[in-house]
Amino acid sequence: MVEKPPDMVWPLPPEKPRIRFVNIILGSADVNIKANKLKSILFGKEADTRFVKPFGVAVSDQTVYVTDVGAVLVFDLKNASFKIIGAGDLKMPIGIAATRERIYVGDAGRRTISVFDREGKRVLEFGRGEIGIPAGIAVDEQRKKVIVSDSKKNKVFIYGLDGRLLSQFGKRGVEPGEFNVPYGIAVDRQGRIYVVDSMNFRVEIFDENGKFLKSLGKVGTSAGMFARPKGVAVDSDGHIYVLDSAFGNFQIFDSEGGALLAVGNTGAGPAEFVLPSSICIDENDGIYVVDQINKRVQIFQYLKE
């Protein structure tokens, strides 16, 4: 992380800021800069584990989970620790979601969802024979559901927390409720499901049972349009964040789908991205974005009223 991150906010003054840049995670040495400096003085410098090809991100209880090649990298910001889970168990981890007790990893190599406890022990695996490419995962703890977007089968699968398939919806197409390579997925406090329908250049919104409600976005380069949407997240006030890997930014919409703000552009500096692949928002409205080609996770903060 940067010891003195730049003071960057959106929108710019004199408008009231709504998003603030916080910092960047590059690798294990960034968990706690001061602690690592002291350790290096006392014991010598430790190897810094860095991202190779990060894809998905999830956050729970100040712990950041990032899928990378063959494993999940875990950055515990609260306890200033780092570890790797799933090495040897995972083949091609991509989608990920986390709660305080479980980490759910979509493995495109095994075509399953692997579930790990906080210590990194795999406790459950499900979806074999059903899932193609589990690109996105969301967990609705209130309704005890695990929701998976499948970019190969153009479906959304809904499982119970025990891995039992409850329902599924969607098929390939361009009509409302249909998909063309769905990627990121999110669920809000009311149980509404948000799915990035990437090659239809939109986000589709469904009720908790998979009934189509509405969509936002279309192909284009103006505000509210998409070129290559990849990830989606929802903050505590119901704003919808859509990550676009072609634009190198995330756009923010109100709950009705109106475009409010865009953050970021293409590049390698703070708040710049090259092929960003995933976005999530934690319980405190911290925003985490996987900046894939720059091999890092960038952190922002939504500023509530």
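Grouping the Ile, Leu, Val, Met, Phe, Trp and Tyr side chains by contacts below 4.5 angstrom, directly or via other members, places V232 with L213. No continuous path of hydrophobic side-chain contacts links F250 to F247 [ILVMFWY only; heavy atoms under 4.5 Å]. Residues F116 and I137 do not share a hydrophobic cluster, defined by chaining ILVMFWY side chains whose heavy atoms lie under 4.5 Å apart. In the hydrophobic clustering of this structure, F21 groups with I287; members are Ile, Leu, Val, Met, Phe, Trp, Tyr whose side-chain heavy atoms approach within less than 4.5 Å, directly or through other members. If you chain together hydrophobic residues whose side chains sit under 4.5 Å apart, M199 and V174 never meet in one group.
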**OP:** Could you go through the salt bridge (charged side-chain N to carboxylate O under 4.0 Å, His left out) check for D188 and R192 one step at a time?
**Re:** CA-CA 6 Å; D188 68 15; R192 290 184 292 255; 2.8 Å; yes
**OP:** Just do the side chain to side chain donor-acceptor pair (under 3.5 Å) check on T63 and R118 with the steps written out, would you?
**Re:** CA-CA 10 Å; T63 302; R118 289 293 293 263; 3.3 Å; yes
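Without hydrogens or angle criteria, S151 side chain to V181 main chain gives no donor-acceptor distance under 3.5 Å. For the pair Q301 (side chain) and R20 (backbone), a donor-acceptor distance under 3.5 Å is absent. Side chain of D68 to backbone of A71: no donor-acceptor contact under 3.5 angstrom is found. In this structure a side-chain-to-backbone donor-acceptor pair under 3.5 Å is present from D282 to G286. Between the side chain of D244 and the main chain of F226, no donor-acceptor pair closer than 3.5 Å is present. At distances below 3.5 Å, not a single donor-acceptor pair connects side-chain atoms of S245 with backbone N or O atoms of L275. Using a distance-only test at 3.5 Å, with no hydrogens or angles considered, a donor-acceptor pair links the side chain of D48 to the main chain of A29. Remark: side-chain polar atoms of Q292 are paired, donor with acceptor, to backbone N or O of P54 under 3.5 angstrom. Side chain of T49 to backbone of S28: no donor-acceptor contact under 3.5 angstrom is found. Although no hydrogens or angles enter the test, the distance criterion places no donor-acceptor pair under 3.5 Å between the side chain of E15 and the main chain of L12.
Side-chain contact annotation: R189 with S236, donor-acceptor N/O pair under 3.5 Å absent. In summary, the side chains of D197 and Y183 do not present any donor paired with an acceptor at a separation below 3.5 Å, with no hydrogens or angles considered.
Tested against N23, the residues P6, P5, P270 include a single side-chain contact (heavy atoms from CB on, under 4.5 Å) partner, P5. The one candidate from E125, E130, R128 that meets the side chain to side chain donor-acceptor pair (under 3.5 Å) condition with T112 is E125.
The aromatic rings of F82 and F75 are tilted relative to each other, their planes meeting at an angle between 30° and 60°.
Atom CG of L166 sits about 12.5 Å away from atom CZ of F157, to the nearest 0.5 Å.
Within a 6.0 Å radius of CE in M225, more than 12 heavy atoms belonging to other residues, nucleotides or ligands are found. Atom CZ of R296 sits in a crowded spot, with more than 12 heavy atoms from other residues, nucleotides or ligands closer than 6.0 Å. The environment of NZ in K304 is crowded: more than 12 heavy-atom neighbours from other residues, nucleotides or ligands sit within 6.0 Å. Within 6.0 Å of atom CD in E101, 12 or fewer heavy atoms from other residues, nucleotides or ligands are found, so the atom counts as exposed in its surroundings.
Of the charged side-chain nitrogens involved, none lies within less than 4.0 Å of a carboxylate oxygen, so that K155 and D150 do not count as a salt-bridged pair. The residues D61 and K78 are annotated as salt-bridged, a charged nitrogen and a carboxylate oxygen being separated by less than 4.0 angstrom. Between D107 and K91 no salt bridge is recorded (no basic side-chain N to carboxylate O distance below 4.0 Å). Salt bridge status for K214 with E204: absent, with no side-chain N to carboxylate O gap under 4.0 Å.
Across all their heavy atoms, V69 and K53 have their closest contact at CG2-CB, 4.0 Å. D76 and V31 make their closest contact through O-CG1, 3.5 Å (heavy atoms, listed as atom of the first residue, atom of the second, distance). Shortest non-hydrogen contact noted between A108 and I133 is CB-CG2, 4.1 Å. Shortest non-hydrogen contact noted between I103 and D117 is CD1-O, 3.4 Å. Of all non-hydrogen atoms in A58 and A98, the two that sit nearest each other are CB-N, 3.8 Å.
Taking the six-membered ring for Trp and the full ring otherwise, H239 and F253 have centroids separated by 6.0 Å or more.
Side-chain contact between K152 and R111: present, with at least one pair of heavy atoms (C-beta onward) separated by less than 4.5 Å. Side chains of I113 and I131 form a contact here, defined as non-hydrogen atoms less than 4.5 Å apart. Counting heavy atoms from C-beta outward, Y302 and R18 have side chains that approach closer than 4.5 Å.
Every residue two or more places apart in sequence or in another chain that forms a salt bridge (charged side-chain N to carboxylate O under 4.0 Å, His left out) with D140 is listed here: R143. Every residue was checked against the side-chain hydrogen bond (donor to acceptor under 3.5 Å, both in side chains) condition with S81, not counting sequence neighbours, and none meets it.
Taking the centre and axis of the six-membered ring of F51, the NZ or CZ atom of K295 falls outside the cone set by 45° and 6.0 Å.
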